[in-house]
Every structure is written in structure tokens, then in C-alpha cells.
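By convention in this document, chain letters (A, B, ...) are assigned in the order of the sequence lines, proteins followed by strands, and residues within each chain are numbered from 1. For the numbers below, each heavy atom of this structure counts, side chains included, while hydrogens, waters and symmetry mates do not.
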Number of protein chains: 2
Amino acid sequence: MLSNACQYAIRAILYLGIQTDENNKIGVKQISEDLETPQPFLAKLLQQLTKTNLVSSTKGPNGGFYLSEKDTKNSVWDVIKTIDGTSKFDSCFLGLSKCTDETPCPVHFIVSPFKEKLLNSFRDKTIEQYVIEIQQTGKIISLKDFDILKN
Amino acid sequence: MLSNACQYAIRAILYLGIQTDENNKIGVKQISEDLETPQPFLAKLLQQLTKTNLVSSTKGPNGGFYLSEKDTKNSVWDVIKTIDGTSKFDSCFLGLSKCTDETPCPVHFIVSPFKEKLLNSFRDKTIEQYVIEIQQTGKIISLKDFDILKN
DNA sequence: CTAAAAAAAGATTTTTTAGTCTTTAAATAA
DNA sequence: TTATTTAAAGACTAAAAAATCTTTTTTTAG
């Protein structure tokens, strides 16, 4: 459903939410290793997110990417809008241009509630809230997490 | 989630379920018009479905594609397996290689039940059953359906 | 038996997505 | 102030998906 780019971006922003703040920045190299994503490709994505003010960065030694306090108030939905756009959430599962509640496709009423639910989760929950939930319930977003689990 | 190819194929097979049988075949041209799909591309797909025995066809004048009695006993899942493969239903929404019930990604428990439900619908319901449901509840799969609605 | 109608086969092109490489700019530590 | 470290920018390449075009084969109506 989501492009690779968007999957990487979401995982990266959650990762940054967990690992970083104004005083703890991380470079692309480390991020891409932990997330198992292609380094230069992820760099591009982080640049995009930085340009749209979803992620913060500083150059030079000890620089890197991080989420500011403010950044953590954004939503996963913001990331999706930036990287993939919203079309995948608007469009019919079977590709019908005119699939609606009134003229539904054969799977409309199976797919629709799910999209709604997922959209709500992405739109109404902040990165910060996701991070808290991830930490409290031990969710996984990177290889690093498996190392943590082992300890 | 599904490729264009697969969306076209599913709609085509349901269309054939509704419109055709051994004595009423339809050519690609008409099918692609009704479904609003690129004609030569759909032709390819129908050939693939024919080769894997999900769709029947005969060449020559008055030939075309159709679903035999037997064909209608197959499932939408069979179509997906033929065209896209199953990977999209196995893999994590955020692209994590190791996302499971035990080590879930942050959206695993939102996405998982949906995939389950959708998979069941695709796997356990025959084309025939889909067709009946479509006819009884007035679901939409093609432009043609809108013409029908108007009458 | 032949012409026309249709699918089958396969080569080709286009577009999109994914990913890489190279150069430039900024920041900082020494 | 200079070397080093890091992101930013942009050009480039590769692979996959989508779509098209051309030729061949089969069928059947006349």
C-alpha cells in the first residue's frame, strides 16, 4: 500500500522520536544501518522531511538528524502526505474510480472501515504518542530493537 | 496494495462471472471498454488467467473469454496468486522483515485483523458467490453497472 | 477452402519507483 | 583558520510496473 520510500520515512521518524532530541542527533549512516534501509535513499527522504519541517537537522561535526520538541507534535499522516500523497487512502481497493458508500465495489465495506481506522490512527496520534506507545508496549521499528530485546 | 494488473484481473473475472458462460463469450475489446482498462494490457492478463485455468477462452469468430461452470468455483485469491503473488498479504505494512504477533510493528495490530478478514473473503468465497452477492446487493465493478443503475 | 475474427505469443516502449553517485555548503573542533 | 564532519542538492542509473505493438495461430462462418 505504502511505497518503500514512505515505509522508510515513517520508520525513520519514529526512530528519531525514540532515539533523538536537540542534544542527541544521529547521522544517516547509523539510522540507515539500524533501520536496514539503503543509505543514500534514506538521506534523500530525510532531506525531504527536513524541508517540510517534519524533521530537524544540523550539519557539521556532531550534527545529524533529530526531532525537536515541536517535531514530535506532528503526525505520521504528515509524513505520508509529504512522501506518498493521500491518494492511496482515497482510492478504491479494486481501482474503481466511482466506488463510494452508495455505489460500492465488492470489497468496499470490508476495506473502508479499515482505511478509516488506519487513517485515524495516523492522523490523530502524534509522533510523540506513537513513541510512548512503542516504548510502553515494546513495539519494533528497527534491528536495534531486537538487540534491546535480547538484553 | 494490489497492482493495477491485479485490480484489472479481479474486476475482469467478476465481470466475466456476471456477463458470460459457455454460450455467451465476450471479446477483450468490449471487456476493456466496460471496465475502463487499457485493452492490450487486459488482453495479456486474460491470457495469463487462461493459461492458469481461471478463465476460459475460444479463438475465432464468436469466440472470446468466459467463465465455465468450473471456473466460477475458483476464488479471487487464485487470481491474486496468479497475478501479484501473495507477498503483499504476508509482509509488514511498514516493511519490517520481522514483524510478527510477538514482535509487532507499531501498526501491526491495526493492520493484521484487516488483512486476515480480507484474505478470508478472497480465499473462502468463490467467484460464483461473489457474483451472487454483487447481483443481490447491487455492487459495482464496471461502467456498465452505472448504465444498469440508470435504467 | 478461404476470409475474417478472435485469442496467443512475444518483443518493445514508456513511466514510475527505487536507488546511487558526485559535488557543494555549512558547522565545529582543534 | 583549517581540516573534518556532516547534511543538501542535484544529476544520474537501475529495476519494476504499466502499457503498447506486431506477428502468429486457431476457429468458424460463408
Side-chain angles (χ1 to χ4, degrees), chain A residues 1-12 16 20 22-33 35-68 71 80 82-85 87-88 91 95, chain B residues 1-12 16 20 22-33 35-68 71 80 82-85 87-88 91 95:
Chain A
M1 183 164 190
L2 300 175
S3 67
N4 281 10
C6 199
Q7 294 181 341
Y8 296 161
I10 292 173
R11 282 164 55 204
L16 290 175
T20 70
E22 281 84 350
N23 308 308
N24 297 283
K25 301 162 190 173
I26 307 191
V28 218
K29 189 161 175 244
Q30 167 110 45
I31 303 173
S32 65
E33 273 169 18
L35 296 180
E36 294 183 285
T37 60
Q39 206 242 75
F41 190 43
L42 184 64
K44 282 276 155 208
L45 295 170
L46 288 171
Q47 282 171 33
Q48 245 186 294
L49 295 177
T50 302
K51 207 152 41 176
T52 53
N53 298 308
L54 297 173
V55 162
S56 302
S57 71
T58 57
K59 296 179 178 179
N62 299 320
F65 294 95
Y66 65 99
L67 292 200
S68 68
D71 292 336
I80 295 174
T82 297
I83 305 294
D84 270 1
S87 67
K88 278 161 187 163
S91 59
Chain B
M1 184 165 191
L2 300 175
S3 67
N4 281 9
C6 199
Q7 294 181 341
Y8 297 162
I10 293 173
R11 281 163 55 203
L16 290 174
T20 70
E22 282 84 349
N23 309 309
N24 297 284
K25 301 162 190 174
I26 307 191
V28 218
K29 188 158 176 249
Q30 166 108 47
I31 303 172
S32 65
E33 274 169 18
L35 295 180
E36 294 184 285
T37 60
Q39 206 242 77
F41 191 44
L42 184 65
K44 281 279 153 206
L45 295 170
L46 288 171
Q47 281 171 34
Q48 245 185 297
L49 295 176
T50 302
K51 206 149 45 172
T52 53
N53 297 308
L54 298 173
V55 162
S56 301
S57 71
T58 57
K59 295 178 178 180
N62 299 321
F65 294 95
Y66 64 99
L67 292 200
S68 67
D71 291 335
I80 295 174
T82 298
I83 305 294
D84 269 1
S87 66
K88 278 163 190 163
S91 59

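Looking at every heavy atom in both residues, A/Ser3 comes nearest to A/Asp84 through OG-OD1, 2.6 Å. Between B/Ile83 and B/Ala9, the closest heavy-atom pair is CG1-CB, 3.9 Å.
Across the strands present, C/dA30 finds its partner in D/dT1; the criterion is a Watson-Crick or G-U wobble pair with both atom distances under 3.5 angstrom. Base pairing of D/dG30: its partner is C/dC1, meeting the Watson-Crick or G-U wobble criterion (both donor-acceptor distances under 3.5 Å).
Taking atom CG of B/Asn53 as the reference point, atom P of C/dA7 lies 17 Å away to the nearest angstrom. Between the P atom of C/dA6 and the CD atom of B/Gln30 lies a distance of 11 Å, rounded to the nearest Å. Atoms CG (A/Asn4) and C1' (D/dA17) sit 13 Å apart, rounded to a whole Å. Residue B/Phe41 contributes atom CZ, which lies 16 Å from atom P of C/dT14 at whole-angstrom precision. Whole-Å rounding puts the A/Leu45 CG to D/dA7 P distance at 14 Å. A/Leu46 places its CG atom 15 Å from the C1' atom of D/dA9, with the value rounded to the nearest Å. A/Gln48 places its CD atom 13 Å from the C1' atom of D/dA8, with the value rounded to the nearest Å. When the C1' atom of D/dT5 is taken as reference, atom NZ of A/Lys25 falls 13 Å away, rounded to whole Å.
A/Lys44 comes within contact range of at least one nucleobase, with a heavy-atom separation under 4.0 Å. In this structure, B/Pro40 reaches the bases: a heavy-atom distance under 4.0 Å links it to at least one base atom across the strands shown. Counting any heavy atom pair closer than 4.0 Å across all strands shown, B/Ile26 reaches sugar-phosphate atoms only and no base atom.
The side chain of B/Tyr8 contributes no N or O atom lying less than 4.0 Å from OP1 or OP2 of D/dA18.
Shown for residues 57-67 of chain B: residues whose heavy atoms fall under 4.0 angstrom of DNA chain D, namely B/Lys59, B/Gly60, B/Pro61, B/Asn62.
Side-chain contact check for A/Leu45 versus A/Thr37: every heavy-atom pair is 4.5 Å or farther apart.
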